[in-house]
Amino acid sequence: MGKTKKMSLAKKQNLTGWGFLTPAALLIAAMSFYPMIQAFILSFQSGKGNALKFAGLYNYQRMLKDTVFMQSVKNCFFYLIIQVPIMLVLALMFASLLNNKDLRFKGFFRTAIFLPCATSLVSYATIFRALFAKDGLVNSILINLGILNVGYDFLTHPMSARIIIIIALVWRWTGYNMVFYLSGLQNIEYSVYEAAKIDGASPWQSFWRITVPLLKPTILLTAIMSTNGTLQLFDESVNLTGGGPANATITMSHYIYNMTFKYVPSFGYAAAMSYLILILVAILAFIQMKVGDSRD
């Protein structure tokens with residue numbers, strides 16, 4: 001009798017759990033998985049607007065010949081290769097400095113570094129446009145220091161425009177990643193660092209031999225998230241540079257937006273480009289996990 005009651009109670013708890021999970025699962029399926037399947041089917045169709053027909057691999061072949069799209073891919077990888085390492089190193093350095101128990105005003109410094117992440121995307125893009133305008137603050141400082149004679153138009157030159165996007169990304173997202181590292185550091189007993197100090201380890205040796213190995217899972221997580229975010233970069237390209245000059249800073253997501261909403265809609269081609277981003281993110285995440293996972 002007791003066994004029967006126990007089994008019925010377990011089944012009741014199981015059904016209760018499924019009752020809570022089912023609405024969320026249905027919403028995820030309807031709002032995420034169904035559109036993903038529809039987009040995959042759409043990527044094999046071509047045509048303008050709603051006049052679509054099956055086209056096989058045409059959209060995927062078209063990407064290889066599309067100079068603007070290939071430029072957007074190069075731009076995304078340029079941002080990825082330069083911005084992500086700089087941002088993660090700075091985030092790790094700030095987290096290590098702000099984890100010092102003897103540092104005063106830690107809360108103020110942590111908040112100050114994290115605040116850019118809470119800034120509106122449009123607002124901070126507008127601020128950077130003003131800062132680097134030909135008559136902006138940066139040019140005024142450079143002229144007053146004697147470095148420039150006249151203002152330099154940063155946003156109309158391809159390389160300087162890309163560098164500004166990288167600076168903006170580092171400024172905005174370093175604090176976000178710092179929070180992850182701070183969380184990981186606070187799970188490391190401070191006595192470990194004290195013991196290393198007694199043994200004669202320098203701050204650099206403690207950082208390299210203790211902090212980095214113990215934070216390796218967190219570093220891997222932030223690297224994957226940052227890679228994912230950079231390959232899907234949109235706001236900075238749209239709001240800061242408009243993809244210019246001459247598509248020199250355009251990103252894949254920006255170009256997909258243009259092909260879907262700005263130009264004559266080409267939904268099949270846009271869906272194919274979206275799936276290429278998914279494939280790139282999956283491949284890079286897999287490589288990072290294989291390189292970063294040291295478990296047997």
Side-chain angles (χ1 to χ4, degrees), residues 35-36 39 42-43 59-60 62-88 116-117 119-132 153-174 176-177 222-285 287-288:
M36 287 173 64
L42 189 60
S43 70
N59 289 320
Y60 293 93
R62 178 182 171 184
M63 283 188 287
L64 300 176
K65 301 175 183 178
D66 189 338
T67 56
V68 178
F69 179 71
M70 296 310 295
Q71 179 64 44
S72 72
V73 174
K74 292 176 184 176
N75 291 338
C76 285
F77 275 93
F78 179 80
Y79 303 142
L80 175 67
I81 292 168
I82 297 177
Q83 175 257 332
V84 171
I86 293 173
M87 177 182 65
L88 296 185
C117 178
T119 307
S120 164
L121 288 165
V122 176
S123 299
Y124 105 93
T126 303
I127 291 168
F128 269 82
R129 284 182 67 89
L131 283 173
F132 289 95
D153 201 347
F154 291 96
L155 296 174
T156 60
H157 294 81
M159 185 53 68
S160 60
R162 293 189 194 108
I163 291 171
I164 290 170
I165 287 181
I166 290 171
I167 293 171
L169 289 170
V170 170
W171 178 82
R172 190 170 197 276
W173 295 109
T174 296
Y176 176 82
N177 290 285
T222 54
I224 292 173
M225 290 194 307
S226 299
T227 299
N228 185 5
T230 305
L231 289 180
Q232 298 181 67
L233 196 64
F234 176 77
D235 296 279
E236 287 74 14
S237 175
V238 173
N239 297 315
L240 186 54
T241 63
N247 296 318
T249 60
I250 195 169
T251 60
M252 290 186 282
S253 294
H254 187 180
Y255 188 53
I256 290 169
Y257 171 84
N258 288 345
M259 294 301 297
T260 308
F261 300 108
K262 190 174 180 180
Y263 308 143
V264 177
S266 183
F267 298 120
Y269 187 42
M273 290 189 285
S274 300
Y275 261 87
L276 179 64
I277 295 178
L278 173 65
I279 292 168
L280 289 174
V281 168
I283 291 172
L284 290 175
I287 293 171
Q288 288 171 324

For [X] against [Y], the heavy-atom pair lying closest together:
{"X": "Asp66", "Y": "Val68", "value": "OD1-N, 3.1 Å"}
{"X": "Ala39", "Y": "Ala271", "value": "O-CB, 3.4 Å"}
{"X": "Pro245", "Y": "Ala161", "value": "CD-CB, 4.1 Å"}

Could you measure the distance from the [atom1] atom of [X] to the [atom2] atom of [Y]? Nearest 0.5 Å is fine.
{"X": "Arg62", "Y": "Phe69", "atom1": "CZ", "atom2": "CZ", "answer": "11.0 Å"}
{"X": "Asn75", "Y": "Leu233", "atom1": "CG", "atom2": "CG", "answer": "10.0 Å"}
{"X": "Leu42", "Y": "Tyr269", "atom1": "CG", "atom2": "OH", "answer": "14.0 Å"}
{"X": "Phe78", "Y": "Gln83", "atom1": "CZ", "atom2": "CD", "answer": "11.0 Å"}
{"X": "Ile82", "Y": "Ile163", "atom1": "CD1", "atom2": "CD1", "answer": "7.5 Å"}
{"X": "Thr249", "Y": "Gln71", "atom1": "OG1", "atom2": "CD", "answer": "9.0 Å"}

Distance-only side-chain donor-acceptor flag, Asn239 / Tyr124, under 3.5 Å: no
Heavy-atom neighbours of Tyr176 OH exceed 12 at 6.0 Å: no
Partner of Trp171 by side-chain contact (heavy atoms from CB on, under 4.5 Å), out of Ile166, Ile127, Thr119: Thr119
Heavy-atom side-chain contact between [X] and [Y] under 4.5 Å:
{"X": "Met273", "Y": "Met252", "value": "no"}
{"X": "Asn228", "Y": "Leu284", "value": "no"}
{"X": "Ser266", "Y": "Thr260", "value": "no"}
{"X": "Ser226", "Y": "Trp173", "value": "no"}
{"X": "Thr227", "Y": "Val281", "value": "no"}

Check against side chain to side chain contact (heavy atoms under 4.5 Å, CB included), Leu240 and Ile165: CA-CA 7 Å; Leu240 186 54; Ile165 287 181; 4.0 Å; yes
Listed once per pair and sorted, the ring-ring contact (aromatic ring centres under 6.0 Å, His included) pairs that draw on residues 226-257, sequence neighbours left out: Phe234-Tyr257, Tyr257-Phe261
Candidate pair Thr241 and Ile250, rule side chain to side chain contact (heavy atoms under 4.5 Å, CB included), full reasoning: CA-CA 8 Å; Thr241 63; Ile250 195 169; over 6 Å; no
Side chain to side chain contact (heavy atoms under 4.5 Å, CB included) assessment of Leu169 paired with Met87: CA-CA 8 Å; Leu169 289 170; Met87 177 182 65; 5.9 Å; no
Intermediate values then yes/no, side chain to side chain contact (heavy atoms under 4.5 Å, CB included), Ile256 and Ile277: CA-CA 10 Å; Ile256 290 169; Ile277 295 178; 3.6 Å; yes
Six-ring centre of Tyr79, Arg162 cation under 6.0 angstrom, axis tolerance 45°: no
